[in-house]
Amino acid sequence: MATSLTRRQIVLGAAASLASGLAGAQGGKDWPSRPVKVIVPGGAGGVLDTLARQLYTRLQETLGQPFVVENRPGANGLIGSSAVKNAAPDGYTILHSTASSMVMAEALNPDLPIKTLRDLEPVALSAVGGILLAVHASVPAKTLPELVDLLRSDPRKYQSYGSWGLGSNGHLTMEWIKQRAGLNIDHVPYKTSPALLTDIVSGVIPIGWIDVVSPLGFIAQGKLRGIALTGTVRSPRLPDVKVLSEQGYPFTAAGWQGVFAPRGTPAEIVERLHTAINHEQVQPAFRTALLQANVPPADAVSREAFVQTIKSDLTTWKKVVADGNLKPE
């Protein structure tokens, strides 16, 4: 109880400090004076889109202008990030994207036309969480060590696993597990998460990495089973599914969602947006929305800390790619 109370005091104190900073910010005081376009490189109704809309509905109330979400899915986020890279650096076009698109894709393919830290301005970290390794109910494993043993003992029965794309969080995480455990299982990249989920539920591909929201109903019905989570924190609605490090696989790089602006956006606008997002991060309503989406609430962090997360993740994922001799195609 004492630990919980202390954390509550910390969060409330952070909220008061951030609110004060937002109210007193001098730079960027005239921004926004018109609607802001938010590019989301994922489909409508997905986890990325859902959390983005939760955030920007609240920012609209805080900053007094509409934040209009525009979905631009495709090419593991490249279509959306390209649109923001090429937008005017005036604060009226921003990107709400993921670690998979902003870090892992670059780690897998250094020849991509966009480099996150070169071409975009990191604004704020908005959510941190893991993704789920799920299996069809017919797969007898209940934990990651049991699944590894199963893949070793019966490789012809379980020849492949799925993820939502080449260079995705699930793809590179599984490749790291393969390297550590000495497994030989093929990767099947899907174009969309719904298509992957459909095939896992039907048993077409009984093993796959998926988001933590869309399979919840199937898990409750006993059609799927959660095996492991990436990151460092268990999901609120899957409390019995352990993270990798709890199962003997000490890999702590998490999935995250973050906000970016075109490189060259005025510092006062970037700082005002950063302060506003961090203010929303610690509000009870937004934290409740995260919990409902099965995402553990994260404390607000500085822009410098967000940049350091990107740098550290790039180093981690580049090593996974190099050790596995993975290619973008």
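Note that this is a predicted model, so its numbers are computed, not measured.
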Going by distance alone, is a donor N or O of one side chain under 3.5 Å from an acceptor N or O of the other, for [X] and [Y]?
X	Y	value
S163	S168	yes
D211	S214	yes
H279	T62	no

Salt bridge check, [Y] against [X]: does any charged N sit closer than 4.0 Å to a carboxylate O?
X	Y	result
K115	D119	no
E280	R58	no
D90	R34	yes

Tell me the closest heavy-atom pair linking [X] and [Y], and the distance in Å.
X	Y	answer
P206	I200	O-CG2, 4.2 Å
V68	P35	CG2-CB, 4.4 Å
P41	G80	CB-CA, 4.2 Å

Treating [X] as the side-chain partner and [Y] as the backbone partner, does any N or O pair qualify as donor plus acceptor under 3.5 Å?
X	Y	answer
S153	L150	yes
K318	P110	no
H136	V201	yes
Q179	V320	yes
W164	K191	no
T252	G231	no
R152	A181	yes
N109	A105	no
S101	S97	no

A side-chain contact here means heavy atoms from C-beta on lying under 4.5 Å apart; do [X] and [Y] qualify?
X	Y	value
V36	I94	yes
V47	V212	no
P122	L117	yes
F306	H274	no
I131	I210	no
V135	L224	no
L132	L238	yes
W317	L108	no

Approximate separation, where rounding is to 0.5 Å, of [X] [atom1] and [Y] [atom2]:
X	Y	atom1	atom2	value
F286	L291	CZ	CG	10.5 Å
D199	L196	CG	CG	7.0 Å
K157	S138	NZ	OG	6.5 Å
L125	I310	CG	CD1	8.5 Å
Q159	I185	CD	CD1	9.0 Å
L133	T173	CG	OG1	9.5 Å

Residues in salt bridge (Lys or Arg N to Asp or Glu O under 4.0 Å) contact with R180, at least two apart in sequence or another chain: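 If we apply the salt bridge (Lys or Arg N to Asp or Glu O under 4.0 Å) test to R180, skipping adjacent residues, there are no hits.
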Are [X] and [Y] grouped together when hydrophobic residues (ILVMFWY) are joined by side-chain heavy atoms under 4.5 angstrom apart?
X	Y	value
V307	V259	no
L197	W209	no
V295	L59	yes

Step-by-step side-chain contact (heavy atoms from CB on, under 4.5 Å) determination, L51 to Q257: CA-CA 9 Å; L51 293 185; Q257 294 184 19; 3.5 Å; yes
Partner residues of Y92 under the side-chain hydrogen bond (donor to acceptor under 3.5 Å, both in side chains) criterion, sequence neighbours left out: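 So Y92 forms a side-chain hydrogen bond (donor to acceptor under 3.5 Å, both in side chains) with S33.
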Stepwise ring-ring contact (aromatic ring centres under 6.0 Å, His included) check, Y56 with H96: CA-CA 10 Å; Y56 296 109; H96 187 105; 5.4 Å; yes
More than 12 heavy atoms from other groups under 6.0 Å of NZ on K178: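 Above 12, so yes.
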